[in-house]
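The next block holds one structure in the form of structure tokens; read it before the comments.
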Amino acid sequence: MIQNRHRAQQNRLVRLIVANWALGWGVGFICASAILLSNLAGLRDLMMSSQLMLQGLALLYGGFGMTFGGVVAATAVMLLPTDEESWEGGGGTRAPILLPAYALAKVRAARA
């Protein structure tokens with residue numbers, strides 16, 4: 001029973017990461033296409049006249065896809081709820097919070 005619940009939670013997390021990574025790839029492709037369509041800094045003209053056009057396009061779209069995909073997936077993972085009431089996962093006990101110990105000190109008389 002516990003293993004099935006743990007496996008279901010892992011599957012949900014994997015689906016969350018993969019779905020957000022794909023969403024980020026889509027956003028990255030849209031941004032790369034917008035750069036090419038707007039001919040920012042003459043990039044489209046430079047790329048279309050090059051003999052290595054396909055490699056350049058693969059690097060542009062791959063770079064944007066990996067960057068945006070990673071950012072969106074990492075943001076989705078970081079925004080997961082972490083309070084204990086809504087989290088059904090296992091785990092240990094909380095670590096104790098160490099506070100500073102204050103000591104009283106004598107006040108010296110002012111020097112003249």
hydrophobic_cluster_shared for [Y] and [X], side chain cutoff 4.5 Å:
| X | Y | answer |
| --- | --- | --- |
| Leu57 | Phe29 | yes |
| Met53 | Tyr61 | yes |
| Val71 | Val27 | no |

[Y] side chain reached by [X] side chain, heavy atoms, under 4.5 Å:
| X | Y | value |
| --- | --- | --- |
| Trp25 | Ile30 | no |
| Leu43 | Ile35 | yes |
| Met66 | Trp21 | yes |

Taking Arg44 for the side chain and Leu37 for the main chain, is one N or O donor matched with an acceptor at less than 3.5 Å?
-> yes

Please confirm whether the backbone N or O of Leu46 pairs with a side-chain atom of Ser49, one donor and one acceptor, at under 3.5 Å?
-> yes

What distance do [X] atom [atom1] and [Y] atom [atom2] have between them, rounded to the nearest 0.5 Å?
| X | Y | atom1 | atom2 | answer |
| --- | --- | --- | --- | --- |
| Leu79 | Leu16 | CG | CG | 10.0 Å |
| Arg15 | Asn20 | CZ | CG | 12.5 Å |
| Cys31 | Leu36 | SG | CG | 11.5 Å |
| Gln55 | Ser50 | CD | OG | 8.0 Å |

Check [X] against [Y] and note the closest heavy-atom contact, atom names and distance.
| X | Y | answer |
| --- | --- | --- |
| Gly28 | Phe64 | O-CB, 3.5 Å |
| Gly24 | Phe68 | O-CB, 3.2 Å |
| Leu60 | Met47 | CD2-CE, 4.5 Å |

